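In each ligand, atom 1 is the first atom listed, and ligand 1 is the first ligand listed. The figures that follow rest on heavy atoms only: side chains count, while hydrogens, waters and symmetry mates do not. Since the model is a prediction, treat every value here as computed from it, not as a measurement.
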Amino acid sequence: MLSLHAAGAFLLLVGLQVQRAFAFIECSVLDYGAVADNSTDLGPALTKAWQECVIPQVTTTVADNVLLYVPAGDYLLASTVTFDDAANWNIHIAGNIYLPFNPDLSGTMFTFENCENILFNGPGAIFGNGWWYRPDGDLTMYPNRPRLIRFQDCNNVEITEITLWNSPMFHVTIIGDNNLAHDMAIHADHIGETDGFDISGNNNEVFSVTVENGDECVTVKTPTNGFTATDITCLWTAGCNIGSFGSGATGVDVQNVFYSGVSVSNSDAGIMIKSYPNCQGTVTNITYEDFTFDAAAYPLYISAFWEGGTDDTGTLEISDVTFNNIKGTGTPTRPAVLLDCNKATPCKDITFIDIDITGTIADEFTNACGSGVSGLEAC
Ligand SMILES: *[C@@H]1O[C@H](CO)[C@@H](O)[C@H](O)[C@H]1NC(C)=O
Ligand SMILES: *[C@@H]1O[C@H](CO)[C@@H](O)[C@H](O)[C@H]1NC(C)=O
């Protein structure tokens, strides 16, 4: 009996030690060639630490058991890094990461491909220095300028507590299922092609984020089935949108989208569903609730013609869209509600409840039906 107890205690002890070790495996980039001198390229050290330290030590599905760790300090990220088939670990950035100006730098600085259960967190920051790549606001000078973070075909990812500053191009793209972005901020110049969050896939969620830029705030792309955004602040953005889908896009499929608790100020648009007149597919069961606008141009806007084109041959069915409790101010030259849909396939069941947007011109409706605002014909 005694010896059995002793053996049990010994096993328990080993078990505890193993558990404790697992809780804090840290693969610091400083041990794999990184220098916090803001001039040594962090890229190769990230790859090396991932391959030599993280991968061999991942043995559970608890992402934060194994950290790819960037400690406090200033780092230069001069090359792109791709984590292919990554699973079950945590990229933990405590430091500040800076992008250099390099006209040849292109692609995405952090790409995760075919990934599963990755935690990407701060409290650090990534500084894109995007202004260098847009001299005098010129978006055409370096058209291949880098983007910041992309999850391509990734599931169960969480990105949080990291601050992103002024990417040369888009900030966060997420493609996949059951992913989560929350409690983080993006601040960029008030200029185009600086999208905050572009998301597609199933059952993705964004909450408690702030985006300041001059383009998409938190936007849904096709295909999407199930998306929730809550507690979103958009400053100087182009709003929280669906689309655009690209000229001639077929098989557009966006459904079961829910936005709630969103504030949009000084924006080019508030809520848009934007498309071309020759797209095909379905956009349905979309709900926008509890929005506050402050100087939003085009507050509520569905347009089959936003991206141009007059070839009104599309069969994109936009239906069952609800705007509920939307308050605030628009701009003096634009309507609060503008529905401009396909002739062949009008927008259907567009419902407005408790809309109080002031400082705009009269609403406009073309090829749409629904209820809740005067002038909109019933379906
Ligand atoms: C790090 O370098 C970048 C340019 O390469 C610069 O923009 C940034 O201000 C530097 N950071 C610090 C803390 O010196
Ligand atoms: C519509 O979408 C919401 C999510 O916003 C979902 O809860 C609801 O079940 C969907 N309704 C239908 C009929 O699919």
Return the closest protein heavy atom for atom 9 (O) of ligand 1 as residue, atom name and distance.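 For atom 9 (O) of ligand 1, the nearest protein heavy atom is Y98 CE2, 4.3 Å.
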
Nearest protein heavy atom with distance in Å, relative to atom 5 (O) of ligand 2: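 So the nearest neighbour among protein heavy atoms is F258 CB, 3.2 Å.
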
Apply disulfide (SG to SG under 2.5 Å) to the pair C379 and C369, showing each step before the final yes or no. CA-CA 5 Å; C379 293; C369 68; 2.1 Å; yes

Among D231, T160, T230, which one satisfies side-chain hydrogen bond (donor to acceptor under 3.5 Å, both in side chains) with S208?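 With S208 as partner, side-chain hydrogen bond (donor to acceptor under 3.5 Å, both in side chains) holds for just one option, D231.
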
Is N38 in polar range of ligand 1, meaning some N or O pair under 3.5 Å apart?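 Yes, at least one N or O pair falls under 3.5 Å.
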
May I ask you to identify, for N96, whether its side chain, its backbone, both or neither come under 4.0 Å of ligand 1 on a heavy-atom basis?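 Neither; nothing of N96 gets under 4.0 Å from ligand 1.
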
May I ask you to identify, for Y75, whether its side chain, its backbone, both or neither come under 4.0 Å of ligand 1 on a heavy-atom basis?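 Contact part for Y75 vs ligand 1: neither.
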
Cluster link I175 to F151, ILVMFWY, side chain under 4.5 Å: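 Shared cluster, no.
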
Atoms of ligand 2 less than 4.0 Å from N285 heavy atoms?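 The atoms of ligand 2 under 4.0 Å from a heavy atom of N285 are 1 (C), 2 (O), 3 (C), 8 (C), 10 (C), 11 (N), 12 (C), 14 (O).
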
Ligand-side contact atoms (ligand 2) for residue partner N256, heavy atom cut-off under 4.0 Å: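 In order of number, 1 (C), 2 (O), 10 (C), 14 (O).
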
Would you call R134 and E193 a salt bridge, taking side-chain N to carboxylate O under 4.0 Å as the test?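 Result for this pair is no, no salt bridge flagged.
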
Of the options I286, L300, T287, which is the one that meets V321 in a side-chain contact (heavy atoms from CB on, under 4.5 Å)?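 Exactly one pass, corresponding to I286.
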
Taking side-chain contact (heavy atoms from CB on, under 4.5 Å) as the criterion, tell me which of I97, T80, L148 meets it with F110.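 Of I97, T80, L148, side-chain contact (heavy atoms from CB on, under 4.5 Å) with F110 is met by I97 alone.
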
